[in-house]
Chemist: 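Please find one structure pasted underneath; my questions will follow.
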Amino acid sequence: MNSPETAETRSGASALPSIDELLRTETGQRLTAALGRTHLTVLARDAVAAIRAELVADSCKHESRSAADLLQDAASRMEDAWAAEQRTSLRRVINATGVVIHTNLGRAPLSENARKSVIEEAAGYCTLEYDLATGKRGRRGLRAESLIAELTGAEAAVVVNNCAAAAFLVLKVFAAGGEVVVSRGELVEIGGDFRVPEVLAQSGAVLREVGTTNRTKISDYVRAISDDTRMILRVHPSNYRIIGFTSSPAVDELAALARERGIVFFEDLGSGSLGYRGGTAFADEPSVSQSVRDGVDMAAFSGDKLLGGPQAGIIAGKAECIERLRADPLYRVLRSDKLAYAALEATLDSYRRETERTEIPVVRMLALGADKIAERARRISGTLSDSGLRVETVDGFSAVGGGAGPTANLATKLLALCHDRLSADQIELRLRSSNPPVIARIVDGLVMLDLRTVDESEETELVKVLFRVMS
Ligand SMILES: *Cc1c(COP(=O)(O)O)cnc(C)c1O
């Protein structure tokens with residue numbers, strides 16, 4: 001008696017392996033150890049289901065595949081799925097884009113001291129909220145915050161999770177239920193979805209716009225202040241510039257106005273160059289020290305932009321204001337963790353010792369001259385002469401990134417890569433798929449590597465990747 005022909009038998013899907021068979025294959029056993037039986041079972045089911053769907057869709061072809069072939073196919077799909085999952089995990093990359101503060105690539109690379117401090121001081125038990133002198137509870141962030149105060153000239157400082165959190169905390173504590181006066185030219189969106197009007201609305205404050213997109217005068221602020229006004233907010237437009245016929249009042253003028261009217265003056269600086277002892281000059285970037293000297297009540301900036309430390313939102317200002325921020329329940333929600341504090345303390349300590357130009361990667365990379373980069377580029381291109389790549393050094397520009405001056409382009413020397421058999425897209429993909437991944441950019445149809453953002457200690461590794469990718 002013949003059994004009725006079903007879609008299953010017609011398609012050959014009945015020859016598909018069982019999940020158990022698949023897990024017993026050599027691949028299955030190897031992967032069980034790496035990812036656990038439960039998760040591997042999910043991948044195995046997906047692999048078999050995908051093949052079944054293809055067989056059913058192609059059943060009119062009447063090509064029957066052997067059980068061994070199907071088993072092999074399922075095992076290799078399972079392996080591919082695992083490789084794809086692994087690619088989504090956090091991995092170190094070589095940043096050859098020349099964008100120093102690259103938000104998608106983790107912004108500031110930490111200094112050697114900061115890395116060491118995270119691992120050796122903070123990864124295990126540590127004195128996060130413990131005072132070794134008294135054996136009692138201590139204050140989280142005490143050391144980092146006193147360093148910030150010292151380096152910026154502010155009376156006090158407090159640290160939260162990021163600059164967006166810092167701005168939100170200040171607005172909520174000092175302006176909720178009242179009005180905040182902001183210039184129209186500063187109602188910007190900053191990379192990574194930070195929109196000034198939205199943060200303000202979320203904090204419970206009401207936005208009072210003054211002036212025009214390109215020009216705002218002190219008299220505009222004067223007219224806008226009423227009994228409902230709690231704060232003057234100044235936002236550094238960061239990655240956005242209006243060039244030409246523009247003006248806005250000086251920080252000290254606004255500070256005087258706020259003082260006279262008994263309201264708070266808060267400046268969201270964003271990138272936050274410390275400007276310590278003259279600091280490293282960043283074209284048109286305002287410094288935290290200057291804002292403090294000009295009389296702001298509070299200034300907020302990111303830990304992982306020009307400062308060159310971990311993700312953090314730092315607020316420096318008047319002691320009385322900082323105390324109110326720390327006492328608010330929202331501070332508890334937004335506070336930083338021990339790993340960030342360890343990295344931040346070590347980063348700030350480089351500034352205190354005045355060694356930031358050599359120790360902090362962001363500061364070091366920004367200070368690199370095109371001639372030094374050209375020398376490294378020539379050295380690398382020399383070693384690549386028999387790699388199958390054609391390498392040229394060409395003039396170009398690096399970028400500060402991270403919302404710092406979009407106009408502040410830094411002259412650099414780029415390595416332009418060409419290959420007889422590979423297109424620019426293919427080269428870029430191979431670099432990105434290598435281990436470690438090398439992130440490059442394509443300019444005018446050529447793959448370009450900018451050594452400004454490649455640490456000298458990564459050069460040997462970069463050359464190895466280039467040889468491997470091209471062979
Ligand atoms: C970058 C930036 C922010 C957001 O900072 P995060 O640390 O990314 O939260 C806020 N304000 C300004 C002016 C900025 O430049």
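The figures that follow rest on heavy atoms only: side chains count, while hydrogens, waters and symmetry mates do not. Ligands are counted one by one from 1 in listed order, and the atoms in each one are counted from 1 as well.
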Chemist: Quick one: do Glu112 and Lys116 make a salt bridge, cutoff under 4.0 Å?
Modeler: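 Judged by the 4.0 Å cut-off on N to carboxylate O distance, Glu112 and Lys116 do not form a salt bridge.
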Chemist: Under 4.0 Å from any heavy atom of Asp268, which atoms of ligand 1 are there?
Modeler: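 Numbered from 1, ligand 1 contributes 10 (C), 11 (N), 12 (C), 13 (C).
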Chemist: Does the distance from a Lys or Arg side-chain N to an Asp or Glu carboxylate O, for Arg364 and Asp455, drop under 4.0 Å?
Modeler: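 Counted as a salt bridge, because a side-chain N and a carboxylate O are separated by less than 4.0 Å.
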Chemist: Quick check on contacts: which atoms of ligand 1 are under 4.0 angstrom from a heavy atom of His236?
Modeler: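 Here the atoms of ligand 1 in question are 13 (C).
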Chemist: Closer than 4.0 angstrom, basic N to acidic O: yes or no for Arg234 and Asp268?
Modeler: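 Between Asp268 and Arg234 there is no salt bridge, as every charged N stays at least 4.0 Å from the carboxylate O atoms.
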Chemist: Apply the test side-chain hydrogen bond (donor to acceptor under 3.5 Å, both in side chains) to residues Arg184 and Asn214: give CA-CA distance (whole Å), side-chain angles for both, the deciding distance (0.1 Å), then the verdict.
Modeler: CA-CA 8 Å; Arg184 287 204 165 83; Asn214 60 329; over 6 Å; no
Chemist: Applying a 4.0 Å heavy-atom criterion (strictly less than), which segment of Lys305 is in contact with ligand 1: side chain, backbone, both, or neither?
Modeler: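 It is the side chain that gets close, since no backbone atom is under 4.0 Å.
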Chemist: Is any N or O atom of Ala164, backbone or side chain, closer than 3.5 Å to an N or O atom of ligand 1?
Modeler: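 Yes; at least one N/O pair falls below 3.5 Å.
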Chemist: Ser302 heavy atoms, cut-off 4.0 Å: which ligand 1 atoms fall inside?
Modeler: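 Answer for ligand 1: 5 (O), 6 (P), 7 (O).
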Chemist: Looking at Glu120 and Arg115, is there a salt bridge between them, counting it only when a charged N and a carboxylate O are closer than 4.0 Å?
Modeler: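 A salt bridge is absent here (no side-chain N lies under 4.0 Å from a carboxylate O).
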Chemist: Check ligand 1 against Arg107 and write out every atom of the ligand that is under 4.0 Å from a heavy-atom position of the residue.
Modeler: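 Per the distance check, 6 (P), 7 (O), 8 (O).
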Chemist: Just heavy atoms, cut-off under 4.0 Å: does Arg195 contact ligand 1 by side chain, backbone, both, or neither?
Modeler: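 For Arg195, no heavy atom sits under 4.0 Å from ligand 1.
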Chemist: Between Asp80 and Arg77, does at least one N-O distance fall below 4.0 Å, as a salt bridge requires?
Modeler: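 Salt bridge absent between Asp80 and Arg77.
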Chemist: Ligand 1 and Gly270, any nitrogen or oxygen pair closer than 3.5 angstrom?
Modeler: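 It does not: no N or O of Gly270 is found under 3.5 Å from an N or O of ligand 1.
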